Amino acid sequence: MFFEIIESQPNLELLFRPLKKLYGFYLQRQGSSGIVINAAHPSALRRFTAAHELGHHVLSHGESFDENRHINAPLGIDDEEVDGIVSARSIQNAGNLVKEAAAQGFAGSFLMPLAPVNRYLRDHTGE
């Protein structure tokens, strides 16, 4: 059901392929877009990576090639990358930082929307 939501988007293809170091990537070519997810990863990680890449698509970020540090870090980046951006003071790299954080936020909200989660917690915890 989850992947069908992505596949139903116009001009967006979803593929699963073995990828060496990448968790997934998002490409745009001649009016069409594609998300490729590492087929070797467990299903929960494939879902989160797909939601992250969908975030890049929905937020019009352009192409993105995501490794572990972009998917597993809380804000979509790791401490080393933040240090590099701060020390280099690069606006282009800072833009990447913002895009990865936005894609992480999109993925979390897409997979666990706040209102249904709160409703579930209220109904099952008695609060």
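What you see below is based on every heavy atom in this structure, not just the backbone, and it leaves out hydrogens, waters and symmetry mates. Please read these numbers as outputs of a predicted model, since none were measured by experiment. Residue numbers run from 1 in the order of the sequence given.
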request  = Return yes if some donor-acceptor pair links the side-chain N/O of Thr49 with the main-chain N/O of Arg46 below 3.5 Å, else return no.
outcome  = no
query = For the atom pair CG (Asn38) and CZ (Phe16), what is the distance rounded to the nearest 0.5 Å?
reply = 10.5 Å
inquiry  = Once rounded to the nearest 0.5 Å, what's the spacing between atom CZ of Phe3 and atom OG of Ser43?
reply    = 7.5 Å
query = Mind checking whether Leu54 and Leu12 have side chains closer than 4.5 Å, heavy atoms only?
reply = yes
ask   = If we only count heavy atoms from C-beta on, is the Phe25 to Leu19 side-chain gap below 4.5 Å?
value = yes
message = For the CZ atom of Arg47 and the CD1 atom of Ile6, what is their distance to the nearest 0.5 Å?
response = 11.0 Å
request  = Applying side chain to side chain donor-acceptor pair (under 3.5 Å) between Tyr26 and each of His56, His57, His52, report the one that passes.
outcome  = His57
task = Please step through side chain to side chain donor-acceptor pair (under 3.5 Å) for the pair Glu100 and His61, ending with a clear verdict.
result = CA-CA 9 Å; Glu100 290 304 326; His61 288 167; over 6 Å; no
remark   = Between Ala39 and Pro18 the two heavy atoms that sit nearest each other are CB-N, 4.1 Å
request  = Kindly give the heavy-atom pair with the smallest separation between Gly108 and Phe48, and that separation in Å.
outcome  = N-CE1, 4.2 Å
query = How far apart are the closest heavy atoms of Gly55 and Phe106, and which atoms are they?
reply = CA-CD2, 3.3 Å
Closest contact, heavy atoms only, Leu59 versus Ala103 = CD1-N, 4.3 Å
key: Rounded distance (nearest 0.5 Å) linking atom CD1 of Ile35 with atom CD of Glu13   = 10.5 Å
query = If Ile, Leu, Val, Met, Phe, Trp and Tyr residues are connected whenever their side-chain heavy atoms lie under 4.5 Å apart, and connections chain through other members, are Phe65 and Leu15 in the same group?
reply = yes
query = Can Phe110 and Ile5 be said to form a side-chain contact (heavy atoms from CB on, under 4.5 Å), step by step?
reply = CA-CA 11 Å; Phe110 185 76; Ile5 293 170; 3.8 Å; yes
message = With rounding to the nearest 0.5 angstrom, report the CG to NZ distance, Asp66 to Lys21.
response = 15.0 Å
